[in-house]
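A quick write-up on the structure given underneath.
We count ligands from 1, going down the list as the structure has it; atoms in each ligand are counted the same way. Because only heavy atoms are used, hydrogens play no part in the values below, and waters and symmetry mates are left out as well, while side chains stay in.
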Amino acid sequence: MTELPDRRLLLVHAHPDDESINNGATMARYAAEGAHVTLVTCTLGERGEVIPPELAHLTGPALGQHRRQELDAAMAALGVQDFRLLGGAGRYSDSGMMGLPDNEAPGCFWQADVDEAAAHLVEVIREVRPQVLVTYDDNGGYGHPDHIQAHRVAMRAVELSAESGRPIPKVYWNRAPRSVVEQSFARLREDLPGLPFAKTADVDDVPGVVADERITTAVDGAAHAAAKAAAMRAHATQITVSGPYFALSNELAQPILTTEYYELVRGERGSGERETDLFAGIEEAS
Ligand SMILES: CC(=O)N[C@H]1[C@@H](O[C@@H]2[C@H](O)[C@H](O)[C@@H](O)[C@H](O)[C@H]2O)O[C@H](CO)[C@@H](O)[C@@H]1O
Ligand SMILES: [Zn+2]
């Protein structure tokens, strides 16, 4: 088996694009620093909307395949080489937004058996032996069924790994501190007239917004801002990027954060008021 780097980070996401939006700067930074970064994406986003008119014909499996190519390009922009689909390509399909009949579709991720899906993730954990796992909070950041299910599957895999004697030392949820998001939106509102977006989203539309006090870790990815923006641009069916701002297909502008924030929910916290490194406190080569 190929010898893996001392530091190994695993991220679990629902659709192609979530990884770049939530963790693009973190992924680019750790990849550049020589850590092994593994992304597991649970669906190919087959039920997504499509922004560019020339691609509006893409739906279902054809959209899924196109978004897989977008993911390839985004990972190249971030310098990440290990990225996988949970259970293999097409094992779980996009469940659509919460409350839609799509949520009941056979084979969609929302209908997946959590233990069965977690077993696929445990296989990756056994191979990579990550010291750090990143996923969403129990609301999936913003209540999308695939995000909630990705949380459930990831946290179940964390339990199963611990039960089998292979605990993951540190587990984090994606977060955004309310004060930082509010300040970012204040700047966005000032810049809005010069942007290709008509309106802004609301602070509470940003996934994982919490009181500042719940933030345990801030990863400064400013040096990788261009890589994050390029990765987000690569997801062109889902995201429009303009300078330090972006919008999804709802055309509601949001800020691109280059410091990315986390809440440690399993494991020992590193020293200091806030960690600046997800691996803080990890014994090397554990
Ligand atoms: C960021 C994210 O999780 N995107 C999901 C989401 O897409 C949103 C959805 O189409 C919504 O109706 C739009 O208003 C919004 O702009 C989209 O971001 O849900 C899709 C369907 O499950 C999913 O494919 C997409 O990745
Ligand atoms: Zn998503």
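The aromatic rings of H147 and H15 sit tilted relative to each other, their planes meeting at an angle between 30° and 60°.
Coordination check, D18 versus the Zn ion (ligand 2): passed, since an N/O/S atom of the residue sits under 2.8 Å. Checking H144 against the Zn ion (ligand 2), every N/O/S atom stays at or beyond the 2.8 Å cut-off. Residue contact annotation: H13 places no N/O/S atom under 2.8 Å from the Zn ion (ligand 2).
Screening H144, H13, H151 for a ring-ring contact (aromatic ring centres under 6.0 Å, His included) involving Y136 leaves a single residue, H13. When the options T26, N174, T217, N23 are evaluated for a side-chain hydrogen bond (donor to acceptor under 3.5 Å, both in side chains) with E260, the one that passes is T26.
E127 has no carboxylate O lying under 4.0 Å from a charged side-chain N of R8, or vice versa, which leaves the two without a salt bridge. With respect to E123 and R84, no salt bridge is recorded, no charged nitrogen being found less than 4.0 Å from a carboxylate O.
Nearest protein heavy-atom contact of atom 12 (O) of ligand 1 is E49 OE2, 3.3 Å. N250 CB, 3.8 Å is the protein heavy atom nearest to atom 14 (O) of ligand 1. The nearest protein atom to atom 8 (C) of ligand 1, hydrogens excluded, is given as M97 SD, 4.1 Å; this is a heavy-atom distance. If you check which protein heavy atom lies closest to atom 19 (O) of ligand 1, you get H144 NE2, 3.2 Å. In terms of protein heavy atoms, atom 17 (C) of ligand 1 is closest to S249 OG, 3.6 Å.
The atoms of ligand 1 that sit less than 4.0 Å from any heavy atom of D94 are 21 (C), 22 (O), 23 (C), 24 (O). Every atom of ligand 1 with a heavy atom of G48 under 4.0 Å away is listed here by number and element: 20 (C), 24 (O). Ligand-side atoms of ligand 1 in range of Y142: 2 (C), 3 (O), 4 (N), 5 (C), 6 (C), range being under 4.0 angstrom from any heavy atom.
Heavy atoms of other residues, nucleotides or ligands lying less than 6.0 angstrom from CD of E116 number more than 12. Within a 6.0 Å radius of CD in Q81, no more than 12 heavy atoms belonging to other residues, nucleotides or ligands are found. Open room surrounds CZ on R266; 12 or fewer heavy atoms of other groups in view lie less than 6.0 Å from it.
By the 3.5 Å distance cut-off applied to N or O atoms, H147 is counted among the residues near ligand 1. The shortest N/O to N/O separation between D146 and ligand 1 does not fall below 3.5 Å.
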From CA spacing to verdict: salt bridge (charged side-chain N to carboxylate O under 4.0 Å, His left out), R178, D204:
CA-CA 9 Å; R178 183 169 295 277; D204 287 303; 2.7 Å; yes

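The Zn ion (ligand 2) is closest to atom ND1 of H15 (considering only N, O or S atoms). The nearest N/O/S atom of H147 to the Zn ion (ligand 2) is NE2.
At a heavy-atom cutoff of 4.0 Å, ligand 1 is contacted by the side chain of R67 but not by its backbone. Within the 4.0 Å heavy-atom criterion, the part of D18 lying near ligand 1 is the side chain and not the backbone.
L160 places none of its side-chain heavy atoms less than 4.5 Å from the side chain of R166. P16 places none of its side-chain heavy atoms less than 4.5 Å from the side chain of R68.
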